[in-house]
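Sequence lines set the chain letters: A, B, ... in the order given, protein chains first and strands last, and positions in each chain run from 1.
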There are 2 protein chains.
Amino acid sequence: MTIKEVCGQFHITADTLRYYERVGAIPEIGRTAGGIRNYTEEDLKWIQNALCLRGAGVPVEMIIEYVKLFQQGDDTFEARCSLLKEAREEVLAAREKYDKALEKLNYKIKKYEEAVKTGILVWDQEQVKGVL
Amino acid sequence: MTIKEVCGQFHITADTLRYYERVGAIPEIGRTAGGIRNYTEEDLKWIQNALCLRGAGVPVEMIIEYVKLFQQGDDTFEARCSLLKEAREEVLAAREKYDKALEKLNYKIKKYEEAVKTGILVWDQEQVKGVL
DNA sequence: ACTTGACTTAGAGTTAACTCCAGGGAGTAA
DNA sequence: TTACTCCCTGGAGTTAACTCTAAGTCAAGT
C-alpha cells in the first residue's frame, strides 16, 4: 500500500505519516526495491493506534514510548500496562474538562436562543457557576 | 484582588493571566492608582470562562471573538449564539475521539493486566479494531 | 527516451499558546 | 531610607506537532 493510499484512508498528509515514522510513533515501514514505502496491514494498525491516541490528546512522546516498549518484547508487559494506565488517566482528566465545558456551552446556548427571540439575555444566577 | 491571588485560585501563572488580557480572551482589568491590576468578581468569571473553554480545547482565538462580541452589546446575541454552537461542535467532536481512545485503552489495559499475570498477551481478534 | 506524477531525504519553517526576561515602579515594614 | 516582595511592560524565547521546501529518484505510460 502506497503512502498516498494510506493518507486517503486516514485523512492525514504524507508528511505527518513520515513524521510519525521518523520520530518512532509508528514502527519503520518496509520499502520496495526502489526505496518507496510499502505499508502492510500491521502498519495500518499502528497508524490507527497513533492517530487514535493523538486524537485524544495523548502526546506523541508517550506513543513513541509505547512503540519502543512493544519492540523490546515480552519483558515489557508491565511497563506497557502502566504507560497505558498513565495515558488513560490523562484522557479521563481531559474528558472531564470537556464535559464541564459542554455543560456550560449548552446552558449558554439555550439562554442565547431565548435571547435571540426575546431580545433579552437572562442568566439564572448560580445555576451554572462562572457563566458569562 | 491581586494577580497573585487569582493565580492561586485558578492554578495558573500571572503570565498566562496577562497574556489572556493582552490578546483579549478576557476583558481589560481595572487598575489601582499605582497601575496594578485589581481583579473584580466579574473578572474572575471571565477568567473562569476562558479557562473552561481552553480546557476543552477551544482555541484562544474563538474566546477572543466571543469577548469582542459581548463587548459590542446586545446586537450580537445571534453571532454569539452561533459562535458558541460552533465551539460546541468542536468540543463534541473532540470528546468522541476521547471516548473512542478510552475504549481502546481500557481494552488494552485489561489484556495487559492478564498478560502480566499469565505471561501471554492475547488480542481477541476484531473485538476492537486497530489494537496493538 | 521522454514526460509526468508520485515518491524520497534532510533540514528549515510555521503555528498556537504560552513562558521567560530585563529593567523598572509600587507598597509595606523596620 | 533601605530592604523586600510584588507588580509592571515590551519583547524575545520555548515547545509540541506538524508542515513545507529543495533537490533529487522512481515508475508507468506513450
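Considering every non-hydrogen atom in both A/Phe10 and A/Leu44, the closest pair reads CZ-O, 3.8 Å.
Going from atom OH of A/Tyr19 over to atom C1' of C/dG11 covers 15 Å, rounded to whole Å. The distance from atom CD1 of B/Ile12 to atom P of C/dC18 is 9 Å, rounded to the nearest whole Å. Taking atom CG of residue A/Asn38 and atom C1' of nucleotide C/dT8, one finds them 15 Å apart after rounding to whole Å. With rounding to whole Å, A/Met1 atom CE is found 16 Å from C/dA6 atom C1'.
Protein chain A contacts DNA chain D from D/dA17 to D/dA27, reading 5' to 3' and using non-hydrogen atoms of the protein with a distance under 4.0 Å.
By the neighbour-count criterion of 12 heavy atoms within 6.0 Å, atom CD of A/Glu61 is sparsely surrounded, having that number or fewer from other residues, nucleotides or ligands. Counted within 6.0 Å of CD on A/Glu5, heavy atoms from surrounding residues, nucleotides or ligands total more than 12; the atom is thus considered enclosed.
Of the side-chain N and O atoms in A/Arg37, none sit less than 4.0 angstrom from OP1 or OP2 of C/dC7.
Transitive grouping of hydrophobic side chains (ILVMFWY, heavy atoms separated by less than 4.5 Å) keeps A/Met1 and A/Ile36 in distinct clusters.
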Protein-to-nucleotide contact annotation, 5' to 3' order, nucleotides 20-30 of chain C [B base; S sugar-phosphate only; - none; under 4.0 Å, heavy atom]: B-----SS---
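Clustering of Ile, Leu, Val, Met, Phe, Trp and Tyr side chains at separations under 4.5 Å places A/Ile120 together with A/Val122.
Residues passing the ring pair (Phe, Tyr, Trp, His ring centres under 6.0 Å) test with B/Tyr19: none are found, sequence neighbours excluded. Scored by the ring pair (Phe, Tyr, Trp, His ring centres under 6.0 Å) test, A/Phe70 finds A/Trp46 as partners (sequence neighbours excluded).
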Would you be so kind as to tabulate the donor-acceptor pairs closer than 3.5 Å made by side chains of residues 78-91 of chain B, with sequence neighbours excluded?
| unit_1 | atom_1 | unit_2 | atom_2 | d |
| --- | --- | --- | --- | --- |
| B/Arg80 | NE | B/Thr76 | OG1 | 2.9 |
| B/Arg80 | NH1 | A/Tyr112 | OH | 2.6 |
| B/Arg80 | NH2 | B/Gly73 | O | 2.9 |
| B/Arg80 | NH2 | B/Thr76 | OG1 | 3.2 |
| B/Ser82 | OG | B/Ala79 | O | 3.2 |
| B/Lys85 | NZ | A/Glu113 | OE2 | 2.8 |
| B/Arg88 | NH1 | A/Asn106 | OD1 | 2.6 |

